[in-house]
Amino acid sequence: MAHPAQLGFQDAASPIMEELMYFHDHTLMIVFLISSLVLYIISLMLTTELTHTSTMDAQEVETVWTILPAVILIIIALPSLRILYMMDEITTPSLTLKTMGHQWYWSYEYTDYESLCFDSYMTPPLELDPGELRLLEVDNRVVLPTEMSIRMLISSEDVLHSWTVPSLGVKTDAIPGRLNQATLMTSRPGIYYGQCSEICGANHSFMPIVLELVPLKHFEEWLL
């Protein structure tokens with residue numbers, strides 16, 4: 001869960017989000033080193049006399065500052081491509097959950113079970129219990145098992161929406177007439193919050209997502 005004045009990501013709850021955080025730190029360190037080098041060179045140019053003007057026309061220097069950025073881009077691109085392939089990998093799912101976006105709420109259907117579907121509306125602020133989060137709580141939470149591959153089928157019935165849960169590293173657009181797919185697999189139980197991250201209309205900020213991840217035994221009890 002995010003907290004005030006937070007600078008980094010939320011704690012990762014899935015292998016994909018852990019990889020995304022590692023990639024973020026890897027890229028941020030490269031950007032930090034480049035920025036430090038540029039700042040150092042600018043400070044030298046402002047505080048020292050340019051006595052070695054011949055270096056401005058040196059072929060070796062031009063070769064280095066042409067090849068070095070290409071190498072840096074490759075160092076960034078390779079892990080990025082690896083994560084993209086991991087996110088698009090299709091495995092045999094243990095459970096399928098269909099999500100439909102509406103103005104302005106979500107509806108869910110467990111397609112592996114007959115007649116197990118419900119709508120999920122935001123809980124009004126005046127109806128919140130002590131300790132619940134404003135604009136993030138819903139009347140019906142999505143309950144899913146942990147450590148299992150779950151397939152999300154996401155679409156919309158009216159306008160563009162986006163089903164987003166930051167802790168799981170999932171952000172998939174809900175497009176009318178199109179069925180998008182995402183894969184979830186959580187490493188630990190907990191309650192995870194998300195929101196529609198597409199500007200879908202007047203009540204765009206009032207359609208939150210709450211996932212309750214529980215062990216398989218408790219999930220079977222919830223089904224009963």
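Just the heavy atoms: all of them, side chains too, but no hydrogens, waters or symmetry mates, feed the values below.
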Within a radius of less than 6.0 Å around CG of L128, do more than 12 heavy atoms belonging to other residues, nucleotides or ligands occur?
yes
With heavy-atom distances below 4.5 Å as the criterion, would you say the side chains of E157 and P176 are in contact?
no
Give a yes or no on whether the backbone of H24 and the side-chain of T27 come within a donor-acceptor separation of less than 3.5 Å.
no
Would L160 and V165 show up in the same hydrophobic cluster when neighbours are defined by side-chain heavy atoms closer than 4.5 Å?
no
Check: H26 side chain, I76 main-chain N or O, donor-acceptor pair, under 3.5 Å
no
Any heavy-atom pair between the side chains of T172 and T164 that's under 4.5 Å?
no
Work out which heavy atom in E18 is nearest to a heavy atom in A12; give both atom names and the distance.
CG-CB, 3.6 Å
For Y22, does the OH atom have more than 12 heavy-atom neighbours from other residues, nucleotides or ligands under 6.0 Å away?
no
Rounded to the nearest 0.5 Å, how far apart are CG of L95 and OG1 of T111?
7.0 Å
Minimum-distance pair of heavy atoms, taken over all atoms of R188 and L213
O-CB, 4.3 Å
Could you walk me through whether W106 and M100 pass the side-chain contact (heavy atoms from CB on, under 4.5 Å) test, one step at a time?
CA-CA 6 Å; W106 298 99; M100 296 294 293; over 6 Å; no
Rounded at 0.5 Å granularity, tell me how far CG in L68 sits from CG in L73.
10.0 Å
Would you please test M207 and M122 for side-chain contact (heavy atoms from CB on, under 4.5 Å) and show each step?
CA-CA 6 Å; M207 47 187 304; M122 185 193 76; over 6 Å; no
Is it the case that over 12 heavy atoms from other parts of the model lie below 6.0 angstrom from the CD atom of Q6?
yes
Less than 4.5 Å apart, side chain to side chain, heavy atoms only: is that true for V159 and C200?
yes
Side chain S120, main chain N140, donor-acceptor under 3.5 Å
yes
Whether Y113 and F219 hold their rings parallel, tilted or perpendicular, with breakpoints at 30° and 60°:
perpendicular
When clusters are formed by joining ILVMFWY residues with side-chain heavy atoms under 4.5 Å apart, either directly or through shared neighbours, do I154 and Y105 land in the same one?
no
Centroid separation under 6.0 Å, is that true for the rings of W222 and Y110?
yes
Derivation of the side-chain contact (heavy atoms from CB on, under 4.5 Å) call for R141 and L211:
CA-CA 6 Å; R141 292 177 174 176; L211 299 183; over 6 Å; no
Could you grab the distance from atom CD1 of I199 to atom NE2 of H204, nearest 0.5 Å is fine?
5.5 Å
Measure from the side-chain N and O atoms of D139 to the backbone N and O of T123, and report whether any donor-acceptor pair falls under 3.5 Å.
no
Between G169 and S14, which heavy-atom pair has the shortest distance, and what is it?
N-OG, 4.4 Å
Is there a continuous path of hydrophobic side-chain contacts, each under 4.5 Å between heavy atoms, that joins I67 to I75?
yes
Any donor-acceptor pair under 3.5 Å linking the side-chain atoms of S162 with those of D173?
yes
Tell me whether V138 shares a hydrophobic cluster with L136, the cluster being built from Ile, Leu, Val, Met, Phe, Trp, Tyr side chains joined at under 4.5 Å.
yes
Any idea which heavy atoms bring V170 and A182 closest together, and the distance?
CG1-CB, 4.3 Å
E137 and Y193: side-chain donor and acceptor closer than 3.5 Å?
yes
Interatomic distance, S187 atom OG to I16 atom CD1 [nearest 0.5 angstrom]
11.5 Å
So S80 and F23, do their side chains get closer than 4.5 Å, heavy atoms only?
yes
Other residues, nucleotides and ligands only: do more than 12 of their heavy atoms fall within 6.0 Å of CE on M21?
yes
Do V64 and E62 make a side-chain contact, defined as non-hydrogen atoms from C-beta onward lying under 4.5 Å apart?
no
Between V71 and I30, is there shared hydrophobic-cluster membership here, with clusters defined by ILVMFWY side-chain heavy atoms closer than 4.5 Å?
yes
Could you go through S107 and H102, starting from their C-alpha distance and side-chain angles, then the distance that decides it, and tell me whether this counts as side-chain contact (heavy atoms from CB on, under 4.5 Å)?
CA-CA 8 Å; S107 62; H102 305 269; 2.8 Å; yes
With the side chain counted from C-beta on, respond yes when K98 and Y108 share a heavy-atom pair under 4.5 Å apart, and no when they do not.
no
Taking the side chain as everything from C-beta on, heavy atoms only, tell me whether P15 gets closer than 4.5 Å to M185.
yes
Closest contact, heavy atoms only, G101 versus S156
O-OG, 3.4 Å
Show the atom names and distances, to 0.1 Å, of all donor-acceptor pairs under 3.5 Å that link a side chain in residues 142-151 to residues at least two apart or in another chain.
| residue | atom | partner | partner atom | Å |
| --- | --- | --- | --- | --- |
| S149 | OG | T91 | OG1 | 3.1 |
| R151 | NE | T96 | OG1 | 3.2 |
| R151 | NH2 | T96 | OG1 | 3.0 |

Heavy-atom check, side chain of V210 versus side chain of Y192, under 4.5 Å:
no
When rounded to the nearest 0.5 angstrom, what is the spacing between CD in E109 and OG in S115?
9.0 Å
For residues M86 and E19, report the shortest heavy-atom separation together with the two atoms involved.
CE-CG, 3.8 Å
So, taking the atom named CG in N180 and the one named CZ in R178, what distance separates them when rounded to the nearest 0.5 Å?
5.0 Å
